[in-house]
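What you see below is based on every heavy atom in this structure, not just the backbone, and it leaves out hydrogens, waters and symmetry mates.
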Amino acid sequence: MAGRAAEIRGLRMQRSRGRRTAPAAAAVLVVAALAVGCRPVSVTGAAGSPDSKGARYAPTTPAPPPLGRDKPPAPARHATQPRPAHHRPKAPRPLMAPGSRGAQVRELQARLSQLNLFDRTPTGYYASVTTTAVRAFQRRQGLPRTGTVQPALWRALRSQTHRPSHAQLHPPTTRPVGTPDARCMRGRVICISKRTNTLTWMVNGRIVSAMDVRFGSQYTPTREGTFHITFKSRHHISTLYHTPMPYAMFFSGGQAIHYSADFAAHGYRGASNGCVNVRNKSSLATLFTTAKPGTKVVIHH
């Protein structure tokens, strides 16, 4: 009997210990859950505990990526930062350039002519001859030879020249008349220059009028020297070529000063048969009325 009683007491003591340790184990699990977070995770409590059915919590740390071939892209090893754009300052817009036209271009040409850089009369059109003259002036000033007129160049040109007169801006001939021959400085003389292709009517060294002329070709050259008008014919017709020679003033055999419609239409692309062609009909008509037979004619280079 004594042995049976001892065995019963032992079983009771084991049950008592189980009831005391179950709450402690549950407390440990609760503390662990609070430490890792509040996401569900499966925890199995001991028998007889309040959470014996299992409360589910998950840790907050992310799960590792799945194993496989796909990998996150690696950062670029030599990533370069975009360089800031450097904008060069734009050159100022030129005041005048090839293709320009107008009164300012005419003034430019007249001022360049004063510096012996432009050997034509002003036309008001900016073309190759004007471009060459502008480059020559830029070279003198130590500026880039662009052939265009910038504000600084225009100021320099105006400071070195005077304001052109109306006669300089609107001369009657395509090329400047130049210095008259010494034989033209006395009396009333028709002075003709082969160098400048001009005819000037001079009275005692003063130029009264001027006009463009052209001469004979190398096979029929216009004679040079001092002559006098022998006779005049207002509506003359050539007996050799049967062509009109209006306002003809003969000075050496069959050579005469006269108006040429071909010269007026085609310019210097043609030549005469030895005569002095004039293309300004109205100017020649005035001279024809003024000059008399015996008037001196000087043709020179």
Side-chain angles (χ1 to χ4, degrees), residues 119-122 165-218 220-301:
D119 62 350
R120 300 288 190 274
T121 55
S165 64
H166 183 271
Q168 291 174 322
L169 291 171
H170 302 275
T173 56
T174 303
R175 299 185 64 179
V177 172
T179 304
D181 187 90
R183 294 168 289 178
C184 303
M185 301 306 293
R186 289 186 179 183
R188 300 159 68 88
V189 184
I190 298 175
C191 194
I192 301 172
S193 171
K194 285 187 173 182
R195 182 175 60 86
T196 61
N197 291 342
T198 57
L199 178 154
T200 54
W201 170 237
M202 302 188 65
V203 177
N204 295 325
R206 181 176 64 89
I207 298 176
V208 178
S209 63
M211 55 202 79
D212 291 327
V213 294
R214 73 178 183 181
F215 307 97
S217 66
Q218 60 177 335
T220 56
T222 303
R223 302 181 188 100
E224 298 177 20
T226 301
F227 311 94
H228 295 83
I229 294 177
T230 54
F231 74 97
K232 303 192 305 180
S233 176
R234 185 183 296 269
H235 304 289
H236 193 77
I237 301 295
S238 171
T239 57
L240 291 176
Y241 305 103
H242 307 288
T243 55
M245 299 170 57
Y247 302 105
M249 295 180 283
F250 290 87
F251 59 86
S252 177
Q255 294 189 355
I257 302 166
H258 66 86
Y259 170 74
S260 169
D262 181 78
F263 182 29
H266 302 104
Y268 292 98
R269 286 181 292 176
S272 74
N273 291 301
C275 290
V276 178
N277 291 165
V278 180
R279 63 176 166 187
N280 190 323
K281 192 174 186 178
S282 61
S283 296
L284 182 60
T286 302
L287 179 60
F288 182 87
T289 303
T290 304
K292 307 299 182 185
T295 298
K296 185 164 68 171
V297 176
V298 175
I299 302 178
H300 65 93
H301 257 293

In this structure, NE2 of His228 is separated from NZ of Lys296 (nearest 0.5 Å) by 6.5 Å

Exercise. Give a yes or no on whether the backbone of Pro246 and the side-chain of Lys281 come within a donor-acceptor separation of less than 3.5 Å.
Key: no

OH of Tyr247 to OG1 of Thr289, rounded to nearest 0.5 Å, is 7.5 Å

Taking every heavy atom of Thr121 against every heavy atom of Pro176, the minimum-distance pair comes out as CG2-N, 3.8 Å

Discussion item. Between Arg214 (side chain only) and Gly267 (backbone N and O only), is there a donor and an acceptor less than 3.5 Å apart?
Written reply: yes

If you define the side chain from C-beta out and look only at heavy atoms, does anything of Leu199 sit under 4.5 Å from Ile190? yes

- Task: Would you indicate whether the side-chain heavy atoms of Ile299 and Phe251 approach each other to under 4.5 Å?
- Result: yes

Quick one: does any side-chain atom of Thr173 pair with a main-chain N or O of Asp212 as donor and acceptor, under 3.5 Å? no

Tightest non-hydrogen contact, residues Arg269 and His266, listed as NE-O, 3.3 Å

Q.
Testing the 3.5 Å rule here: is there a donor-acceptor pair between the side chains of Ser217 and Thr220?
A. yes

Answer whether the closest heavy-atom distance between the side chains of Thr200 and Ser209 falls below 4.5 Å. no

Scanning both residues in full, the closest heavy-atom pair of Gly254 with Cys275 reads O-SG, 3.8 Å

- Message: side chain to side chain contact (heavy atoms under 4.5 Å, CB included), that's the test. Do Phe250 and Met245 meet it? Break it down for me.
- Response: CA-CA 11 Å; Phe250 290 87; Met245 299 170 57; 4.0 Å; yes

With side chain to side chain contact (heavy atoms under 4.5 Å, CB included) as the criterion, how do Ile192 and Ile257 come out once you've worked through the C-alpha distance, each side chain's angles and the decisive distance to 0.1 Å?
CA-CA 10 Å; Ile192 301 172; Ile257 302 166; 3.9 Å; yes

Taken in chain and number order and not counting sequence neighbours, the residues that satisfy side chain to side chain contact (heavy atoms under 4.5 Å, CB included) with Thr196 are Ser193, Thr198

Closest non-hydrogen contact found for Met249 with Ile229 is SD-CD1, 4.0 Å

Asn197 side chain reached by Thr174 side chain, heavy atoms, under 4.5 Å: no

task = Begin from the C-alpha positions of Gln255 and Phe227 and carry the test side chain to side chain contact (heavy atoms under 4.5 Å, CB included) through to its verdict.
result = CA-CA 11 Å; Gln255 294 189 355; Phe227 311 94; over 6 Å; no

Any side-chain heavy atom of Ile207 sitting closer than 4.5 Å to one from Trp201?
no

Between Arg195 and Arg175 the two heavy atoms that sit nearest each other are O-NH1, 3.6 Å

> Using the ring of each side chain (for Trp, its six-membered ring), is Phe263 parallel, tilted or perpendicular to Tyr268, with breaks at 30° and 60°?
Replying inline: perpendicular

What one should report as the nearest heavy-atom pair of Leu284 and Tyr259 is CD2-N, 3.2 Å

Interatomic distance, OG@Ser282 vs CE@Met211, rounded to 0.5 Å, equals 8.5 Å

Check your understanding: Does NZ or CZ of Lys232 fall inside the cone over Phe288's six-membered ring, less than 6.0 Å from its centre and within 45° of the axis?
Key -> yes

May I have the list of side-chain donor-acceptor pairs in residues 179-187 shorter than 3.5 Å, sequence neighbours left out?
| residue | atom | partner | partner atom | Å |
| --- | --- | --- | --- | --- |
| Asp181 | OD2 | Arg183 | N | 2.9 |
| Asp181 | OD2 | Arg183 | NE | 2.8 |
| Arg183 | NH1 | Thr226 | OG1 | 3.3 |

- Kindly indicate whether the side chain of His236, heavy atoms from C-beta on, has any atom under 4.5 Å from the side chain of His258. no

To the nearest 0.5 Å, atom NZ of Lys194 lies from atom NE2 of His300 at 11.0 Å

